[in-house]
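Both backbone and side-chain heavy atoms feed into the values below; hydrogens, waters and symmetry mates do not. Below, read A as the first sequence line, B as the second, and so on, with proteins coming before strands; counting in each chain starts at 1.
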Amino acid sequence: MEVSLLIARSLEQTIDQIIRDNQELQKLLGNSFDPIIRAADPKFGDFQINGILPLAKQLGLNPRALAMTLLEAIESSQQIHKHYLTFEIAGPGFINIRLNKSLLSEWIRIHHSENVFKNETKHWFKTQKTVIDFPSANTAKQAHIGHLRPMVIGEAIARMLEFCGTKLIRDNHIGDWGTNFGTLIMVLKRNKIDISKFEDPEKALIQIDRLYKEGSHLEKMDPSLRDTSRNELLLLQKGDPTNIQLWQSIVQISNQAFDHLFEQLGVRTDYTLGESFYRDKVDRIYQELSELGIAEESEGALVVWHDEVKKFSRDNKQPFPFNIRKKDGASNYASTDLATVLYRLEHFDAESVIYLTDSRQQDHFQQLFLTTNKWFSQKGYSVPELKHVWWGTILGSDNKPFKTKSGETIKLQALIDEAVERAYSVVSQKNPNLEEEEKQKIAHAVGIGALKYADLSSNRTQDYVFDWDRMLSFEGNTAPYLLYVIARINSIFKKANRQEQSIHTDTSFSIETEYEQTLARKFIQFPIALEQALSDLRPHFLCTYLFELAGTFNSFYNHEKVIHEDMEIQTRRIILCHRTQLILELGLTILGIDTVEHM
RNA sequence: GGGGGCGUAGCUCAGUUGGAUAGAGCAACGGUUUUCUAAACCGUAGGUCACAGGUUCGAGCCCUGUCGCCCCUGCCA
């Protein structure tokens, strides 16, 4: 068998092959047997075969006897080298597998750089072409705390997919064609404000925010202004040059302000195709869906019923159709989302589309996917795999959506600034001797890293409680705890005068002590964690793993001296330090978190 | 009414097709430093997995019911 990155999979394949080569065994187990090798509790082994138990139940056999039969076949096979692996039947019929020191050492020797990892992971997704729809920024409004999760989770998922070989297109589907532009244009004209004179896009956006509030207030005071606003919107939609120009300026200011946030949070986008981009592409949607009989008129609107799903059925007590064109003839986000999915198929050849939004839009996407599937398959278009990745709310300590003390929405920039400030005060306190410039650099990485990591480390479908002190703590499952391990390892390297070459060991070595082995066994679980995070696009699996790795390292560090008079011991421990750092840095990079050399 | 999510230690959270004695971190208590960053480590204590049934060799996980919290539910996105 192959000493691959994902050694559990190559083990699985080998065992599969052994079964296929053994007619008696195959007859006994049937074609459906799946060894399903997975990470075991360290006290039992590195991996575990659990598939025997359900199969024995199904066949009415004694599970231990069945396990024994399989084990005998495995052990007599030439494909498994006995000095590499130890098998053991335990409990009701589990098969525990432990990698022996030589295999463990060999795995570590081979996997010495990010490129080695990447060369294997890049095949996982077979260059599937995927469009990821995030972070779907809005326009003419400052970003607030609600924009944190799409940026953070979206970027992490995008990087995970890219690392594993997906050909990814990041499409920022902005909301740039809303009714609020009527009000804004009305106010701009009324106050004779030339927004092209604004230089700083962030300040300009604050100004626009304020103007919109002023506009809404004015409309309340003088309802005739509502007609003015409506008329401005109509002019805009008809392509009036003045209004188009005003609209473009506002969108540009918004995008520049968002770009600045993206830069701070390490978010990358490839395209920014907003709702306005699809405004001339919705008629085809109405036409195709009507012709196919998928869409029909209802209460003046154009809707799609999905009678096969109870809650979307027209027989439901409270009917809930997919409304794709409003009764006034205007498009809505169902129309533009349908136009968008078609565009992604025709222009990006998307084989898969991933949408990132909060949990409240689940019904919308369910309807969108049902509609797209019917529409595309009836038209003979290829149907991409559609996924909705959603998340819960960020809560305050009162278990209600996180707000400022006065009950207002927290601006995203304010959140970032506070994270960096708090990190700065922690860094200054812990290490006052650092140069000012260095402190700020570290504060930036630690603050933003902590903010992002807090968002990624809990299961995304769950709400989570926001807590500054907890996320910036150096204890527990936090970014600072992980970053600190990287810094410590650098410190060891510095002390050891490590030469770059010494870690690329061509010669073999053998890990020995209990703490060395525990750490080494943790390394081989990395690809499993990555695979698990990818399988359901949940980055927290990777976070949990990195936290455990960091803890395992800290335990090793506290029990074993790395810098040692015996050079053989020092060399292998330096290698263990290096691999720890490699996996931590790689894992954090995949999550979108920057690391620092020292703290 | 319908739908989605959730309920696990005092608090914040994990728990991978059902699998071995339900795990972390914080807080509490006790220990470890002439030693590579103690921003760390080691240990103690802490549980009726909301409740009640069911399925089975085995349930935090699956099924049924009940209670409680959050969110969505026709033209905002």
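Judged purely by atom type and a 3.5 angstrom limit, A:T518 uses its side chain to pair as donor or acceptor with the backbone of A:E514. With hydrogens and angles ignored, the 3.5 Å screen pairs a side-chain donor or acceptor of A:H173 with a backbone N or O of A:L273. Not one N or O on the side chain of A:N96 forms a donor-acceptor pair closer than 3.5 Å with the backbone of A:G45. A:D176 contributes a side-chain N or O that, together with a main-chain N or O of A:S276, makes up a donor-acceptor pair within less than 3.5 Å. A donor-acceptor contact shorter than 3.5 Å is absent between the side chain of A:S458 and the backbone of A:Y464.
Put simply, NE2 on A:H559 is 11 Å from C1' on B:rG43, counting in whole angstrom units. Across the protein-nucleic acid pair, A:D398 atom CG and B:rU12 atom P stand 12 Å apart, rounded to whole Å. The separation between A:E297 atom CD and B:rC75 atom C1' is 13 Å, rounded to whole Å. Distance, A:Q366 CD to B:rG3 P: 12 Å, rounded to whole Å. Between the CD atom of A:E548 and the P atom of B:rA24 there is a distance of 10 Å, rounded to whole Å.
To the nearest whole angstrom, the two P atoms, one in B:rC70 and one in B:rG10, are 23 Å apart. Taking the C1' atom of each, B:rA50 and B:rG60 are spaced 12 Å apart, rounded to whole Å. With both ends at atom C1', the span from B:rG25 to B:rU66 equals 34 Å, rounded to whole Å. Across the P atoms, B:rA22 and B:rA9 are found 15 Å apart, a figure rounded to whole Å. A distance of about 47 Å separates the P atoms of B:rG30 and B:rG54, rounded to the whole Å. Between the P atoms of B:rU34 and B:rA39, the separation comes to 15 Å (whole Å). Separation of the C1' atoms belonging to B:rC6 and B:rC49 is 14 Å when rounded to the nearest angstrom. B:rA45 and B:rC62 are spaced 32 Å apart, taking the P atom of each and rounding to whole Å.
At a threshold of 4.0 angstrom between heavy atoms, the contacts of A:K327 include nucleobase atoms, whether or not backbone atoms are also involved. Nucleic acid contact for A:S491: base, since at least one base atom lies under 4.0 Å from a heavy atom of the residue. Across all strands shown, A:P321 has heavy atoms under 4.0 Å from base atoms, whether or not it also approaches the sugar-phosphate. If you check every strand for non-hydrogen atoms under 4.0 Å, A:Q362 touches sugar and phosphate atoms only. Heavy atoms of A:E560 sit under 4.0 angstrom from at least one base atom. Base contact: A:S298 has a heavy atom under 4.0 Å from a base atom. Across all strands, A:Q361 comes closer than 4.0 Å to base atoms (heavy-atom distances). A:Q429 comes within contact range of no nucleotide atom at all, as no heavy-atom separation falls under 4.0 Å. Here A:N316 lies out of heavy-atom contact (under 4.0 Å) with every strand. Residue A:H364 is classed as having no contact, given no heavy-atom separation below 4.0 Å to the nucleic acid. Contact annotation for A:V303: base contact, defined as any heavy-atom pair under 4.0 Å involving a base atom.
The aromatic rings of A:F365 and A:Y355 sit tilted relative to each other, their planes meeting at an angle between 30° and 60°.
For the residue pair A:S313 and A:N316, no side-chain donor N or O sits within less than 3.5 Å of a side-chain acceptor on the partner.
Among residues two or more places apart in sequence or in another chain, the salt bridge (Lys or Arg N to Asp or Glu O under 4.0 Å) test is passed with A:R360 by A:D358. With sequence neighbours excluded, no residue forms a side chain to side chain donor-acceptor pair (under 3.5 Å) with A:T179.
Residue A:R360 places its side chain closer to B:rC71 than to any other of B:rC71, B:rG4, B:rC75. Listed candidates were B:rG5, B:rC75, B:rA39. Nearest to the side chain of A:K430 is B:rA39. Closest to the side chain of A:N323, from the set B:rC75, B:rC72, B:rU37, is B:rC75. Here the nucleotide nearest the side chain of A:K495, chosen from B:rG3, B:rC36, B:rA38, is B:rC36. The listed nucleotides are B:rG1, B:rA40, B:rG4; the one nearest the side chain of A:F474 is B:rA40.
The list of salt bridge (Lys or Arg N to Asp or Glu O under 4.0 Å) pairs with a residue in residues 539-565 of chain A, not counting sequence neighbours, reads A:K522-A:E548, A:E560-A:R573.
Using a cutoff of 4.0 Å between basic side-chain nitrogens and carboxylate oxygens, A:K310 and A:D315 are not scored as salt-bridged.
Remark: nothing in residues 444-455 of chain A comes within less than 4.0 Å of RNA chain B through any heavy atom. A heavy atom closer than 4.0 Å to some atom of RNA chain B occurs in no member of residues 135-149 of chain A.
The nucleotide B:rC75 finds no pairing partner, because no Watson-Crick or G-U wobble arrangement with both distances shorter than 3.5 Å includes it. Under the Watson-Crick or G-U wobble criterion, with both distances below 3.5 Å, B:rA24 is paired with B:rU12. Judged by Watson-Crick or G-U wobble contacts below 3.5 Å, the nucleotide B:rC36 has no partner. Nucleotide B:rC69 forms a pair with B:rG5, judged by Watson-Crick or G-U wobble geometry with both contacts under 3.5 Å. Across all strands shown, B:rU64 pairs with B:rA52; the Watson-Crick or G-U wobble distances both stay below 3.5 Å.
Projected onto RNA chain B by closest heavy-atom contact, A:W390 and A:N431 fall at different nucleotides, the more 5' of which corresponds to A:W390. A residue-by-residue look at A:H598 and A:G175 shows that A:H598 has its nearest nucleotide of RNA chain B further toward the 5' end.
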- Scan nucleotides 13-20 of chain B nucleotide by nucleotide, 5' to 3', and note B when protein non-hydrogen atoms come under 4.0 Å of the base, S if they reach only the sugar-phosphate, - if neither. SSSBBBBB
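With hydrogens and angles ignored, no donor-acceptor pair closer than 3.5 Å exists between the side chain of A:N558 and the base of B:rC41. Donor-acceptor pairing under 3.5 Å, judged by distance alone, is present between the side chain of A:Q318 and the base of B:rG1.
The side chain of A:N477 places no N or O atom within less than 4.0 Å of a non-bridging phosphate oxygen (OP1 or OP2) of B:rG25. Applying the 4.0 Å criterion to OP1 and OP2 of B:rC42, one finds that A:Y557 has every side-chain N and O outside that range.
Within a 6.0 Å radius of CD in A:E308, more than 12 heavy atoms belonging to other residues, nucleotides or ligands are found.
A:F312 and A:F322 have their aromatic ring centers separated by at least 6.0 angstrom.
By the 6.0 Å and 45° rule, A:R488 stacks over the aromatic ring of A:Y557. Relative to the ring axis of A:F277, A:K281 places its NZ or CZ within 45° and under 6.0 Å from the centre.
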- Does the salt bridge (charged side-chain N to carboxylate O under 4.0 Å, His left out) test come out yes or no for A:R149 and A:D455, once each step is laid out? CA-CA 7 Å; A:R149 305 207 81 183; A:D455 207 78; 3.0 Å; yes
